[in-house]
K.L.:
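Supplied in structure tokens, the structure appears directly below.
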Amino acid sequence: MFKPELFNSLKGYNGKSFLSDLIAGVIVGIVALPLAIAFAIASGVGPEKGLFTAIIAGFCISFFGGSKVQIGGPTGAFAVIVFGVVQEFGFAGLATATVMAGLLLILLGAFKMGGLVKFIPYTIVTGFTAGIAVTIFTGQIGDFFGLTTGEMPGDFIGKIGVYAQSFGTVNWYSFGMALISLIVIFVWPKISKKIPGSLIVIIFATLLNLVFEHFFGWHTDTIGSRYGEIPSSLPAPTLPDFSISSITKLFPTAISIAVLAAIESLLSAVVADGMIGSKHDSNTELVAQGIANIASPLFGGIPATGAIARTATNIKNGGRTPIAGIIHAVVLLLIMIFLGKYAVYIPMAALSAVLVSVAWNMAGIPAVKALLKGQKSDICVLAVTFLITVFVDLTVAIEVGLGFAAFFFIKKMIDVSEVQTKQNVLTG
């Protein structure tokens with residue numbers, strides 16, 4: 001049954017619980033602001049679309065979800081898929097694919113498929129997550145060094161080629177800002193774990209850039225110089241194109257978005273369960289993810305899922321019910337309405353540092369090292385999934401990775417069967 005956790009949490013809800021959720025929701029909303037903008041830019045769309053996604057999808061995931069503390073919004077995992085879809089089919093194609101993915105997620109939840117996600121091999125999840133991290137990092141090299149590159153190709157080799165040709169255009173001011181910002185992000189947790197380093201970097205880099213540009217004439221690209229103004233309100237809802245041709249050509253992409261959303265959201269929910277000693281309803285969570293991914297593109301947003309880092313931030317700051325997630329979405333809406341116009345001054349170099357730090361955290365180097373010490377079959381699946389994610393496509397990587405994993409699983413079963421048969425013959 002579809003049982004949103006919100007309605008269970010309201011039983012016995014009191015002022016003390018609300019105050020705790022309020023504090024957590026406000027903090028997570030502030031934390032989510034630079035990430036929503038950064039992930040949208042990494043996806044090849046305007047920064048405002050990241051805010052629309054965090055507000056609309058974040059609200060839906062908390063309101064309808066099966067987890068007490070899940071925080072939803074745009075994530076780095078989707079940046080690779082979204083970038084490729086936008087380049088090939090435009091934002092209209094992305095909106096169609098995202099709504100289709102939402103419908104698939106609702107079907108997965110309705111048919112109680114939430115438990116099946118746990119059977120996706122860990123090697124595949126680790127492989128494509130590491131591949132996504134490399135792709136995100138690669139996409140930020142231009143802004144990190146302040147290169148003048150023009151329009152970037154979508155493939156890994158093409159990007160490296162453009163960077164190699166453009167390296168003579170390094171903007172040392174942009175590079176210095178990005179490098180210092182990155183150092184601050186990694187050092188900041190030793191100073192404070194309550195306030196994220198990414199937010200500190202965005203605020204101070206923006207203020208310093210205004211000072212340096214005014215007094216010294218130093219220039220680096222900002223959100224405003226590249227994307228123009230950020231709207232101070234949500235757009236009116238619009239329906240995507242659902243022609244037969246659009247559905248046919250975008251269906252494989254919709255499957256990839258749905259699978260990735262299911263995996264990431266349920267992994268995040270499991271991690272959250274361990275942190276608060278609770279248990280989420282995986283099927284209700286999938287339905288909520290589906291609703292969020294239908295609503296998000298209607299209001300100009302991109303794909304969304306549960307975000308592990310923001311969910312953990314919510315828990316650490318006292319959030320214990322979906323009210324905190326709803327407050328986080330409202331806080332983002334208020335920030336966009338009253339402070340969105342100031343986001344145009346944020347330097348792209350600082351945002352690139354935020355995304356490079358996200359890529360580093362996503363890479364899961366300890367997990368990769370552990371798997372490389374394991375069985376050859378696991379190493380093969382990991383390597384194939386990683387390489388195809390980086391050099392070909394995430395959709396293909398998931399398909400091929402599952403194929404390899406299935407092949408090695410069948411081989412193991414055959415080997416075990418042969419051993420048992422020989423033992424039976426010897427003992428018989």
Side-chain angles (χ1 to χ4, degrees), residues 1-13 17 21 24-25 28 32 53-75 77-78 98-120 125 254-299 301 303-315 319-330:
M1 293 179 62
F2 178 58
K3 299 181 293 184
E5 185 58 41
L6 173 65
F7 303 106
N8 292 330
S9 299
L10 289 177
K11 298 173 184 176
Y13 197 73
S17 300
D21 285 336
V28 176
T53 307
I55 293 166
I56 299 298
F59 177 87
C60 291
I61 288 169
S62 293
F63 192 92
F64 297 105
S67 169
K68 292 181 179 180
V69 291
Q70 180 90 282
I71 300 295
T75 64
F78 279 122
T98 305
V99 172
M100 290 166 61
L103 293 171
L104 290 173
L105 285 164
I106 291 175
L107 290 174
L108 286 174
F111 287 101
K112 300 182 179 180
M113 299 292 185
L116 294 179
V117 174
K118 69 180 71 173
F119 294 106
I120 294 178
V125 176
I255 292 176
S256 296
I257 293 173
V259 169
L260 192 55
I263 293 171
E264 191 168 6
S265 63
L266 295 185
L267 281 176
S268 176
V270 168
V271 171
D273 286 348
M275 294 178 72
I276 63 173
S278 182
K279 190 174 182 181
H280 74 282
D281 184 327
S282 59
N283 296 312
T284 298
E285 186 64 26
L286 287 179
V287 173
Q289 297 292 333
I291 294 171
N293 279 286
I294 291 173
S296 177
L298 297 182
F299 288 90
T305 186
I308 294 176
R310 274 158 277 173
T311 299
T313 302
N314 180 36
I315 294 169
R320 289 298 180 271
T321 78
I323 297 293
I326 293 172
I327 291 172
H328 129 272
V330 173

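All heavy atoms count here, side chains included; hydrogens, waters and symmetry mates do not. Source: prediction; values computed, not measured.
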K.L.:
When rounded to the nearest 0.5 angstrom, what is the spacing between CG in L266 and NE2 in H280?
P.N.:
5.0 Å
K.L.:
Please check if any side-chain donor atom of E285 sits under 3.5 Å from a side-chain acceptor atom of S265, or the reverse.
P.N.:
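S265 and E285 do not have a side-chain donor-acceptor pair below 3.5 Å.
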K.L.:
May I ask you to test the T98-I257 pair for a side-chain heavy-atom distance under 4.5 Å?
P.N.:
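Touching, per the 4.5 Å side-chain cut-off.
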K.L.:
Mind checking the CZ-CZ spacing from F64 to F59? Nearest 0.5 Å is all I need.
P.N.:
7.0 Å
K.L.:
Could you tell me whether the side chain of S296 and the main chain of A292 form a donor-acceptor pair under 3.5 Å?
P.N.:
no
K.L.:
Within a strict 4.5 Å, meaning less than it, do heavy atoms of the L10 and T321 side chains meet?
P.N.:
no
K.L.:
If every non-hydrogen atom of G102 is compared with every non-hydrogen atom of N293, which pair is closest and at what distance?
P.N.:
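Residues G102 and N293, closest heavy atoms: CA-CB, 4.0 Å.
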K.L.:
State, with a plain yes or no, whether a side-chain heavy atom of N283 is found less than 4.5 Å away from one of K3.
P.N.:
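Side chain of N283 against side chain of K3, heavy atoms only: no contact under 4.5 Å found.
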K.L.:
Of all heavy-atom pairs between P322 and S67, which one has the smallest distance, and what is that distance?
P.N.:
CG-O, 3.9 Å
K.L.:
Quick one: does any side-chain atom of T305 pair with a main-chain N or O of A261 as donor and acceptor, under 3.5 Å?
P.N.:
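Such a contact is found between T305 side chain and A261 backbone.
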K.L.:
Any chance you could measure L286, atom CG, to K112, atom NZ, to the nearest 0.5 Å?
P.N.:
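Taking CG in L286 and NZ in K112, the distance rounds to 13.0 Å.
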K.L.:
Quick check: do T284 and E5 have side-chain heavy atoms less than 4.5 Å from each other?
P.N.:
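T284 does not reach E5 side chain to side chain.
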K.L.:
With rounding to the nearest 0.5 Å, note down the distance linking CE in M100 to CG in L105.
P.N.:
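Result: 12.0 Å between the selected atoms.
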K.L.:
About how many Å separate CD1 of I106 and CZ of F2, when rounded to the nearest 0.5 Å?
P.N.:
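These two atoms lie 8.5 Å from each other.
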K.L.:
Contact between T311 and V271 at the side-chain level, heavy atoms closer than 4.5 Å - yes or no?
P.N.:
no
K.L.:
I need the minimum non-hydrogen distance between N314 and A24, along with the two atoms involved.
P.N.:
OD1-CB, 3.4 Å
K.L.:
Could you give the distance from CD1 (I71) to NE2 (H328), rounded to the nearest 0.5 Å?
P.N.:
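So the gap between those two atoms works out to 5.5 Å.
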K.L.:
Is there a side-chain contact between K68 and D273 (heavy atoms, below 4.5 Å)?
P.N.:
no
K.L.:
What I'd like to find out is whether the side chain of Y13 reaches to under 4.5 Å of the side chain of D21, using heavy atoms alone.
P.N.:
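Contact flag for Y13/D21 side chains = yes.
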K.L.:
So which atom in A307 and which in T75 form the shortest heavy-atom distance, rounded to 0.1 Å?
P.N.:
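Looking at all heavy atoms of both residues, the closest pair is CB-CG2, 3.9 Å.
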K.L.:
Please name the pair of heavy atoms, one in A101 and one in A254, separated by the smallest distance, quoted to 0.1 Å.
P.N.:
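Scanning both residues, the minimum pair turns out to be CB-O, 3.4 Å.
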K.L.:
I want to check something: taking the side chain as every heavy atom from C-beta on, are I291 and F63 in contact at a cut-off of under 4.5 Å?
P.N.:
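Heavy-atom side-chain distance check fails, nothing below 4.5 Å.
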K.L.:
Testing the basics here: between C60 and A288, what is the closest heavy-atom pair and its distance to 0.1 Å?
P.N.:
O-CB, 4.4 Å
